[in-house]
Amino acid sequence: QVQLVESGGGLVQAGDSLRLSCAASGRTFSSYAMGWFRQAPGKEREFVAAISWNGGSTYYADSVKGRFTLSRDNAKNTVYLQMNSLKPEDTAVYSCAAAPPLRTYFSGSYYSDPYKYTYWGQGTQVTVSS
C-alpha cells in the first residue's frame with residue numbers, strides 16, 4: 001500500500017514558477033514509477049510527466065516539455081514537479097500517482113496511461129492568472 005500526499009499548489013501569475021511535492025508512505029516507494037496528471041474544469045485528465053523508479057528516466061507531455069522538470073528523492077520518499085514559465089492553460093488540479101513495478105524498463109508512453117497507476121493522491125490546485 002502506498003499513500004500519496006501532494007503539496008505546493010497555489011495561485012501565481014503567468015511566467016511564475018511553482019514546485020509541487022508528492023510525499024509517499026511505504027517502504028517500497030523506490031520500486032514504483034511515479035507520474036503527475038492534471039485535470040482542468042470541464043476537461044479530461046491529462047498526463048503531465050512520469051519518472052522511473054530510480055529517477056534515471058523521465059517523460060513529459062509536449063505541452064510542458066522544456067518548462068516542467070520531474071525529479072525524485074527516494075531517501076525522502078518524495079517526487080518533485082518543478083514548474084517554470086507557467087501559463088494560464090496550466091491551471092488545473094495536479095495529482096501524483098504511483099505505478100507498480102510491472103516492467104523491467106521504463107517506457108514513457110506506457111506510463112503516460114493513467115490506468116497503469118494503482119495509487120493516487122488527492123491533488124493540489126494550481127491556478128495561473130494572466
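Computed from a predicted model, the values in this text were never measured in an experiment.
- Remark: Thr91 OG1 to Lys43 NZ distance equals 9.5 Å, nearest 0.5 Å.
- In this view, Thr118 and Pro100 satisfy the side-chain contact (heavy atoms from CB on, under 4.5 Å) rule, not counting sequence neighbours.
- Listed by chain and number, the residues in a salt bridge (Lys or Arg N to Asp or Glu O under 4.0 Å) with Lys65 are Asp62 (sequence neighbours excluded).
- With sequence neighbours excluded, no residue forms a salt bridge (Lys or Arg N to Asp or Glu O under 4.0 Å) with Glu89.
- Residue Gln39 qualifies as enclosed at atom CD: its count of foreign heavy atoms under 6.0 Å is above 12.
- Phe37 has its ring centre less than 6.0 Å from the ring centre of Tyr117.
- Contact between Gly123 and Ser95 at its shortest, heavy atoms only, is CA-OG, 3.5 Å.
- The side-chain contact (heavy atoms from CB on, under 4.5 Å) check on Tyr115 picks up Asp113, with sequence neighbours excluded.
- A donor-acceptor pair under 3.5 Å links the side-chain atoms of Thr124 to the main chain of Gly9, judged by distance alone.
- Considering all non-hydrogen atoms of both residues, Ala92 and Ala40 come closest at CB-N, 3.8 Å.
- Side-chain contact between Tyr59 and Ser52 is absent, with no heavy-atom pair separated by less than 4.5 Å.
- Arg72 meets the salt bridge (Lys or Arg N to Asp or Glu O under 4.0 Å) test with no other residue; sequence neighbours excluded.
- In this structure, the side chain to side chain donor-acceptor pair (under 3.5 Å) partners of Ser109, at least two apart in sequence or on a different chain, are Ser107.
- Scanning for side chain to side chain donor-acceptor pair (under 3.5 Å) contacts around Ser129 gives an empty result, with sequence neighbours left out.
- Applying the under-4.5 Å side-chain rule to Ile, Leu, Val, Met, Phe, Trp and Tyr, the cluster around Tyr32 extends to Val2, Leu4, Val12, Leu18, Leu20, Phe29, Met34, Trp36, Val48, Ile51, Tyr60, Val64, Phe68, Leu70, Val79, Leu81, Met83, Leu86, Tyr94, Tyr119, Val126, Val128.
- Residues forming a side chain to side chain donor-acceptor pair (under 3.5 Å) with Ser112 (at least two apart in sequence, or on another chain): none.
- Within the structure, side chain to side chain donor-acceptor pair (under 3.5 Å) pairs that include any residue of residues 4-26 comprise Ser17-Asn84 (at least two apart or interchain).
- Among residues two or more places apart in sequence or in another chain, the side-chain contact (heavy atoms from CB on, under 4.5 Å) test is passed with Ser85 by Arg67.
- Closest heavy-atom contact between Phe106 and Ser57: CD2-CB, 3.4 Å.
- Residues passing the side-chain contact (heavy atoms from CB on, under 4.5 Å) test with Ser30, sequence neighbours excluded: Asn74.
- We find the SG-OH distance between Cys96 and Tyr80 to be 12.0 Å, quoted to the nearest 0.5 Å.
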